[in-house]
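The residues of the chain are indexed from 1 along the displayed sequence.
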Amino acid sequence: QVQLVESGGGSVQAGGSLRLSCAASGRTFSSLSLGWFRQTPGKEREFVAGISRSGGSTESADSVKGRFTISRDNAKNTVYLQMNSLKPEDTAVYYCAARESYDWYSGPRDYPYWGQGTPVTVSS
């Protein structure tokens, strides 16, 4: 089992920044590929960014490309999502997800382990 705990969500004005963190335990962190997803009421969970277990491969959704950056610190068992130039449409609950594989995946069904989510609200 893998336990994931997100933190760093909150309320911010448009144009502002937040950094989300996700601390993992229960498995060797360097064996995990990780993803960030987000969800708003009535919509499916949406891929935001993914990172391979080495950190050498990353990808982000077109809607956040150039504004959000995923990174990981294997020494701290933590993955981050730096969010800059936030927009009201970024408002959502953000989830961290993990799977035991080399590379990241963009489908939520590809991840067996999930955190509880952290809410982000961006006001105009």
What are the two closest non-hydrogen atoms of [X] and [Y], and how far apart are they?
X	Y	result
Val64	Ser60	CG2-CB, 3.9 Å
Cys96	Leu34	SG-CD2, 4.5 Å
Gln82	Ser17	NE2-CB, 4.0 Å
Phe29	Arg72	O-NH2, 2.8 Å
Ser124	Pro88	CB-CG, 3.9 Å

For Tyr105, does its backbone N or O pair with a side-chain atom of Tyr111 as donor and acceptor, under 3.5 Å? yes
Check: Glu6 side chain, Cys22 main-chain N or O, donor-acceptor pair, under 3.5 Å: no
Please collect all salt bridge (Lys or Arg N to Asp or Glu O under 4.0 Å) contacts where either partner lies in residues 98-109, sequence neighbours excluded, each pair once. Arg27-Glu100
Salt bridge Lys87-Asp90, side-chain N to carboxylate O under 4.0 Å: no
Answer yes if [X] and [Y] sit in the same cluster of Ile, Leu, Val, Met, Phe, Trp and Tyr residues linked by side chain heavy atoms under 4.5 Å apart, and no otherwise.
X	Y	result
Val2	Ile70	yes
Val12	Tyr80	no
Tyr95	Val120	no

Enclosure of Lys76 NZ (heavy-atom neighbours >12, cutoff 6.0 Å): no
CD (Gln13) with more than 12 external heavy atoms under 6.0 Å: no
Trp114 CH2 to Leu4 CG distance, which is reported to the nearest 0.5 Å: 9.5 Å
Could you grab the distance from atom OG1 of Thr118 to atom CD of Gln116, nearest 0.5 Å is fine? 7.0 Å
For the pair Trp36 and Phe68, evaluate side chain to side chain contact (heavy atoms under 4.5 Å, CB included) and give the outcome as yes or no after the intermediate values. CA-CA 11 Å; Trp36 284 100; Phe68 291 11; over 6 Å; no
So [Y] and [X], do their side chains get closer than 4.5 Å, heavy atoms only?
X	Y	value
Pro108	Gln39	no
Thr91	Thr40	no
Met83	Leu81	yes
Leu32	Val79	no

Verdict with supporting geometry, Trp104 and Phe47, side chain to side chain contact (heavy atoms under 4.5 Å, CB included): CA-CA 11 Å; Trp104 53 270; Phe47 173 77; 4.0 Å; yes
Would you tell me whether Arg38 and Tyr94 have side-chain atoms, one donor and one acceptor, within less than 3.5 Å of each other? yes
Derivation and outcome, side chain to side chain contact (heavy atoms under 4.5 Å, CB included), residues Glu89 and Ser63: CA-CA 10 Å; Glu89 51 263 43; Ser63 58; over 6 Å; no
